[in-house]
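Structure first, then comments.
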Amino acid sequence: MTRFDPAKGVRVAISRSVLTAVFDECDRYGHVETGGRIVGTYRRGRNLDVTVTGMIDAGPQARRAVTSFFQDGEYQEGVFREIEREHPDIEHLGTWHTHHVNGFPTLSGGDIETYRRTVNHPQHNLDFWYALLVTAKVAGPDRYRVKHYLLRRHDDKVYKIPPKLVRVAEERAIWVPGVTRGRPQAAPASSIESDSASHSRQERRAFDDQVLRQLFPNLRPFFSEAAQCLLWKGSISLLDHSSADVVVVESVSEGKTGYEAMVPRKERERFPVAARAQDETPWLAVRRLELHLNRLVAGLGN
Ligand SMILES: [Zn+2]
């Protein structure tokens with residue numbers, strides 16, 4: 001079994017809304033592992049001060065099981081670039097995942113192996129890697145018990161950060177799943193479904209519209225008399241500096257409202273493959289379509 005050395009000179013400040021988002025995600029996946037990326041900033045003086053200000057969810061293609069978990073890296077990279085546009089100093093600090101579902105109280109050998117590869121990878125910006133592990137569900141306001149770890153480049157040790165060096169900060173998060181810049185206190189995507197009873201459909205539409213337009217400022221809402229549904233039209237920017245026309249329609253299947261984003265017929269010459277993506281919110285549908293189109297313009301096929 002791996003020995004964990006106490007980390008010296010490392011302090012962590014983690015935004016309360018990031019912790020809340022992490023625990024909401026834990027509530028959502030009570031029987032399989034889940035997790036996400038941790039972003040924020042750091043400062044190196046006498047201590048290494050790590051400030052966690054955001055969390056990127058695992059993404060639509062994440063795979064979860066009782067003893068394993070794989071994130072949707074492509075999706076997360078897209079979200080990271082999105083955050084970076086607004087917060088150029090943002091860094092990918094590390095990752096979090098859950099073990100309370102399988103009872104394993106520390107990082108597994110597989111976790112450590114993966115983290116070592118990451119921190120020593122030439123494309124990893126930082127010479128450290130921070131990992132938050134959820135180890136138990138507890139009654140009361142704390143909700144979950146967590147442990148904090150740190151790995152360093154060219155150092156085989158795995159450091160455990162003592163709880164006294166971890167502080168929960170009241171500063172607002174810059175990014176948590178399902179919401180966007182500067183609005184982290186709003187409902188994360190995971191709770192939109194369960195909250196739908198209390199939120200009127202109209203409020204939800206207004207919220208969707210607001211988020212969608214912050215992420216994709218060139219999309220505008222329309223109510224289609226012909227189709228009797230809400231839709232958004234406009235364009236999104238792609239990685240090759242071109243833009244693509246996009247239409248988002250509301251679709252109801254089996255009583256549940258969802259959204260489909262697609263390129264209109266006039267774009268079909270450029271994107272011969274029927275490019276469309278569905279999700280439970282319009283902005284997630286557009287983001288999935290955006291990833292798909294970016295792959296096409298990059299010549300990566302489907
Ligand atoms: Zn693990």
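Remember, predicted model here, so these are calculated numbers, not experimental data. Just follow the structure's listing: the first ligand is 1, and inside any ligand the first atom is 1.
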Query raised in the report: Would you say the side-chain atoms of T98 pair up with the backbone N or O of T34, donor to acceptor, closer than 3.5 Å?
Result: yes
Requested in this report: Verify, without hydrogens or angle tests, whether D24 (side chain) and A21 (backbone) share a donor-acceptor contact under 3.5 angstrom.
Outcome: no
**Report entry** Carboxylate-amine/guanidinium proximity below 4.0 Å for K137 and D27
**Finding:** yes
**Report entry** H97 atom (N/O/S) at minimal separation from the Zn ion (ligand 1)
**Finding:**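 This turns out to be NE2.
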Query raised in the report: Would the F128 and Y42 ring centres measure less than 6.0 Å apart?
Result: yes
Report task. Check whether any N, O or S atom of E33 sits under 2.8 Å from the Zn ion (ligand 1). Result -> no
Query raised in the report: Hey, what's the angle at the Zn ion (ligand 1) spanning NE2 (H99) and OD2 (D111), nearest 10 degrees?
Result: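 Reported to 10°, the angle equals 100°.
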